[in-house]
Each structure stands twice: as structure tokens, then as C-alpha cells.
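Read the structure below first, then the notes.
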Amino acid sequence: MNQTPKAPANPYAVLAAAIVLPGTGHVLNRQPFRGLIFLFFMLLLGGFTLKTAAPDVSLVGKFAGGIFVYALSILDAYKTARVRAEVWRHRHGQAQA
């Protein structure tokens with residue numbers, strides 16, 4: 001039997017999940033270890049900038065390292081989902097919606 005493999009997750013659903021909770025976009029992309037790595041470095045760099053920031057720095061400045069990794073994680077999850085969806089569409093001959 002030649003069954004069509006399951007379609008990858010919708011890139012916009014992955015984007016929304018990655019924005020709401022760090023690492024879940026990668027889980028939807030079937031890359032949970034990659035999501036854990038991003039989460040680890042987010043916490044690590046967020047804690048580092050919290051400890052090294054001056055007392056008069058804003059809250060965003062104190063967690064700047066973690067926020068930076070969080071933004072990279074969102075972009076990475078969406079990009080991966082978008083590429084997987086396009087490759088799947090190309091291989092299975094479906095027109096782009």
C-alpha cells in the first residue's frame with residue numbers, strides 16, 4: 001500500500017504556538033529536542049543578563065538575553081514549518097492555497 005504521509009503542521013499554527021509558549025512550535029514541528037535546547041538557552045541567557053544588568057535597567061533590559069533567544073526560537077520554528085509545508089506540497093503535487 002502506498003499511503004500519503006501525514007501533512008506537516010500549518011506554519012501559522014506553529015507560529016502562534018511558538019509565540020504563546022516557548023518550545024511548543026518546535027514540538028509541533030516534531031523537533032522536541034531542538035525546542036528544549038532553545039528553552040535552555042533562553043533561561044540561561046535570561047538569567048545571565050538578569051544577574052549582570054545594572055540595577056537601574058528596565059525589566060526588558062534585565063531579561064534581554066532570554067528575549068533575544070525567544071525571538072530566534074519563534075523565527076526558527078516558523079521557518080522550519082514553512083519549509084516543511086512547501087516541500088510536502090511540492091512532493092505531493094498540491095497547489096498552493
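The basis for the numbers below is simple: all heavy atoms, side chains too, and nothing from hydrogens, waters or symmetry mates. The structure presented is a predicted model; accordingly, all values stated were derived computationally and were not measured.
- Taking 4.5 Å as the limit, some side-chain heavy atom of D76 sits within range of a side-chain heavy atom of R34.
- The shortest non-hydrogen separation linking A18 to Y70 is O-CE1, 3.6 Å.
- At least one donor-acceptor pair under 3.5 Å links the side chain of H92 to the backbone N or O of W88.
- In this structure, the side chain of N29 does not engage the main chain of Q31 through any donor-acceptor pair within 3.5 Å.
- A search for side-chain contact (heavy atoms from CB on, under 4.5 Å) contacts involving L44 returns F40, F41, not counting sequence neighbours.
- When each of H90, R84, R91 is checked for a side chain to side chain contact (heavy atoms under 4.5 Å, CB included) with V87, only R91 meets the rule.
- When the side-chain contact (heavy atoms from CB on, under 4.5 Å) test is applied to T24, the partners found at least two apart in sequence or on another chain are A17, L21.
- Considering every non-hydrogen atom in both A13 and L28, the closest pair reads O-CD1, 4.1 Å.
- Tracing side-chain contacts under 4.5 Å through hydrophobic residues (I, L, V, M, F, W, Y), one never reaches V20 starting from F63; they form parts of separate clusters.
- Contact check for Y12 versus Y78: side-chain heavy atoms found under the 4.5 Å cut-off.
- Note: the hydrophobic cluster containing I67 does not contain L15 (ILVMFWY, side chain heavy atoms under 4.5 Å, direct or indirect links).
- Using a 4.5 Å cut-off between side-chain heavy atoms of Ile, Leu, Val, Met, Phe, Trp and Tyr, with links allowed through other members, F68 and L50 fall into different hydrophobic clusters.
- The side-chain hydrogen bond (donor to acceptor under 3.5 Å, both in side chains) contacts involving residues 37-64 comprise nothing, where partners must be two or more places apart or lie in separate chains.
- Here the straight-line distance linking atom CE of M42 with atom OG of S73 works out to 5.0 Å at 0.5 Å rounding.
- Rounded to the nearest 0.5 Å, atoms CG (L45) and CG (L72) are 10.0 Å apart.
- The heavy-atom pair separating A77 from V14 by the smallest distance is O-CG1, 3.6 Å.
- In this structure, CZ on F38 lies 10.5 Å from CD1 on I74, to the nearest 0.5 angstrom.
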